[in-house]
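Input: a single structure, listed below in structure tokens.
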Amino acid sequence: MEQQILVKDTLIGERFSIEELVGKGDLGFVYKARDVKNKKLIALRVIPGELISNEADVDRLRMRVKEASTLTYRNVRATFGMGVEDDGTIFIATEWIEGQNLRSLLSKRSQEGKRFSFKGAYNIVGHVCNALTYAHKKTFHGALSPRAIMVNNAGRVKISDWGLSVIRTRLESYPGRKKVEGVFWAPEVLKNPAAATPRSDVYALGALFYELITGVPPKRPLKAPSQVGFSKDVDTVVARCMAADPLQRFENADAVKNAVSSLVKEEEDLLAKNVAGAVDDDLGVDVEIDLGDMGVVEPGAKFKEPVPTFTDKKGAGTTGKAGGSLVNAPGLPAPPSGGLGTDGDPPSSDDRVSTIDMGALLSNLGKSEAARWMVQKDKFDHGPFTDRELIQMIMMGEVLYKHNLLNMDTGVRKKVKAWGEFDQYLEQYRIKKKKMEEEAALQRTKTAEKRGTAFKVMVTLIVIGVIGLGVGGYFLSRSLRKEKTFSKDDLIAALDSGEIKLKTGGDLSGKKKRGKGKRRKGGKGGSGNFVDGMTYEEAMAMGVEMGSLGNNSGQRQLSAAVIEQVMDGNVRRFIPCMDGSANRVDMNIAVGSNGRVIGTSVKQGSAKLKKCVASKVRGIKFPTSSSPRTATSWWFEIY
């Protein structure tokens, strides 16, 4: 369905007022809008819900946009946030820029028969390198291309579209993959978008530099820059940026900037003699070239594996060094950590320090504020969590070596013990746990010594009483099942006397605990707002909006044991609901981060019984947690 153009003064997200349409693209329309709260102009990208309707992709986009909102740098286009309308329409608010993207600028230069000087190309690349050097401390772009680079009217270069790689590289249906945009993406990204890393941006940086100096996009087979008047040293820089193996590329964007800057004077003199065409560097960019400060890359650097093959004028392959080709290569995830014992804990040592300096450890926690980790434990998915939150939970023993850990940026899922960066925290928790176990064992020994004959006699009497009550309960239970008519007062009295019993349990067999991934289209609850009276299915289908994660005051999660303990302690609440239509009642429960029940569905019994039980469940308060939602099943039975 064709996307409808929003008219002037349309209010989006109850905050952004549309002023005019400024662009149409593969990712929806871009509008000039005004923030009614602070009266500032913004750029508002409106993405139709049918383009990215999968809940997992929406969540990934939400996390990436949240990361992007933390980037504040002169060469990075500011991202303010993301929202989702009731009909699934996604909108992303970013900095308003008076200017054009680099793809438009390159196309215009090409049509006019103009080119950038080597120094002019470096000026643009220098801006991009500055932005990447800053951003790579927190995140990566993943879909960098001239379309994602803006040049404002004053000549300032800014990287844009942070987070949109979730759509561009992951969706096979995205039209840009088949256009010139896709040739800037690293081979590992084209093969598996989850394998994107900062070195994937280095590949795109090399491809961008190639088009800036040659005037043509980096489509295969590549013609070596030296074949159009540049030196072999330029071939080497481009080849190293665009190596198929990420480990063969420059380590970071700053290294690329230094390598290019070291060639500026030599290449300018060379091009003045060998390359024809008008030069147009009128951008007003402010990246200064300081040859005394820039690092120099040695020409003809050797690599462990082949670098990309260029083609000469006759079609023969040449690189100036080892041969190779631009082929797809899988990403290289971090290798599993070594040295772990059979149970996942590091090998113990008798001479290890038995005390833990928690203050020193906490001061070294991860600094990323992006919530990118999902923890799977007890068949529940918890999260997302930041680095700091995850490490704190490891130190508290809430996340163990055996739990599965998903990095939402890369899509890689493996056990905590296989992520090497958490080894030191697993070891510290092991030491802490061992000390606690030793203290607990000592305490149990002291307690056991205080037990006497009176306690043993009491236990014996209780056992005898339970056996006697069990016999009477058996006959009463048979009578109750036969008549199918229960008196609430009699049931409570029988329960108190032990004549009948309640049996409870949690169903953790892996039944559906999550929503189906389909977003609700309006109706009760709206988009990300939980309301009283929801069913379990409605609550789990709701999208959790960025910024609406509610209560983050505690770091603890709701485990199966905690949920079952709370429900067992409240089982008497449900006795007044029993009307004879069922002896066993199963239910699904969704709990929010504030400990409130946000949705419940009851399976057995009459409509009246189900309504009564659901009402009782919503009155139960659970401990707060750091997970937006926790889901489980629980049941009780009279026998």
Side-chain angles (χ1 to χ4, degrees), residues 71 73-76 118-142 144-145 148-149 157 159 184-189 195-214 218 222 224-226 230-268 285 287-308 310 319-322 324 326 329 331-332 334:
L71 302 178
Y73 189 71
R74 66 176 185 170
N75 295 126
V76 173
F118 195 92
K119 178 180 178 181
Y122 164 72
N123 281 345
I124 295 177
V125 169
H127 272 295
V128 176
C129 287
N130 290 341
L132 292 178
T133 298
Y134 164 79
H136 283 171
K137 298 174 183 177
K138 299 182 178 181
T139 185
F140 57 88
H141 193 284
L144 190 63
S145 73
I149 297 172
V157 178
I159 298 182
F184 290 86
W185 301 342
E188 68 270 14
V189 174
T197 67
R199 292 206 185 197
S200 304
D201 291 342
V202 170
Y203 180 98
L205 186 57
L208 170 67
F209 176 55
Y210 179 88
E211 181 169 357
L212 285 171
I213 61 175
T214 65
L222 295 178
S226 59
F230 296 91
S231 71
K232 292 286 186 179
D233 292 338
V234 176
D235 289 357
T236 300
V237 172
V238 173
R240 186 170 179 185
C241 285
M242 299 180 68
D245 184 347
L247 293 181
Q248 297 174 28
R249 299 172 196 156
F250 285 102
E251 182 178 1
N252 51 50
D254 196 52
V256 177
K257 178 181 175 181
N258 292 339
V260 175
S261 70
S262 68
L263 302 175
V264 171
K265 188 177 186 308
E266 175 187 349
E267 298 302 321
E268 283 289 282
V285 292
V287 176
E288 298 295 335
I289 299 178
D290 182 357
L291 298 182
D293 250 356
M294 298 299 182
V296 178
V297 175
E298 296 181 7
K302 297 182 178 180
F303 310 114
K304 296 181 180 179
E305 301 293 339
V307 294
F310 296 111
T319 60
K321 290 294 174 184
L326 280 172
L332 300 175

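In this text, all values refer to a predicted model and were calculated from it rather than measured experimentally. Position 1 is the first residue of the sequence; numbering continues from there.
Between Tyr203 and Pro187, the closest side-chain pair of non-hydrogen atoms falls below 4.5 Å. Between Tyr122 and Leu212 there is no side-chain heavy-atom pair separated by less than 4.5 Å.
Here the CD-CE distance, from Gln248 to Met242, works out to 13.0 Å after rounding to the nearest 0.5 Å. Taken to the nearest 0.5 Å, the CD1 atom of Ile213 stands 12.5 Å off from the CD1 atom of Ile124. Separation of atoms CZ (Phe118) and CG (Asn123) is listed at 11.0 Å; rounding is to 0.5 Å. Separating the CG atom in Leu205 from the OG atom in Ser200 is a distance of 12.5 Å, to the nearest 0.5 Å. Note that CG of Leu132 is 11.0 Å distant from OG1 of Thr139, once rounded to the nearest 0.5 Å. Rounded to the nearest 0.5 angstrom, Thr133 OG1 and Tyr73 OH are separated by 7.5 Å.
Asp235 places no side-chain N or O within 3.5 Å of a backbone atom of Ala224 that could act as its donor or acceptor partner. Of the possible donor and acceptor atoms, none in the side chain of Asn75 sits under 3.5 Å from a partner among the backbone N and O of Val128.
Annotation: side chain to side chain contact (heavy atoms under 4.5 Å, CB included) contacts of Ala204 (sequence neighbours excluded): Leu144. Scored by the side chain to side chain contact (heavy atoms under 4.5 Å, CB included) test, Ser231 finds Asp233, Val234, Glu266, Glu267, Leu270 as partners (sequence neighbours excluded). Qualifying salt bridge (Lys or Arg N to Asp or Glu O under 4.0 Å) partners for Arg249, counting only residues two or more places apart in sequence or in other chains: Glu188.
The two residues Val238 and Tyr210 come nearest to each other via the heavy atoms CG1-CD1, 4.0 Å. When every heavy atom of Phe250 is checked against every heavy atom of Val237, the shortest pair comes out as CE1-O, 3.6 Å.
Side chain to side chain, Asp201 and His141 fail the donor-acceptor criterion of an N or O pair below 3.5 Å.
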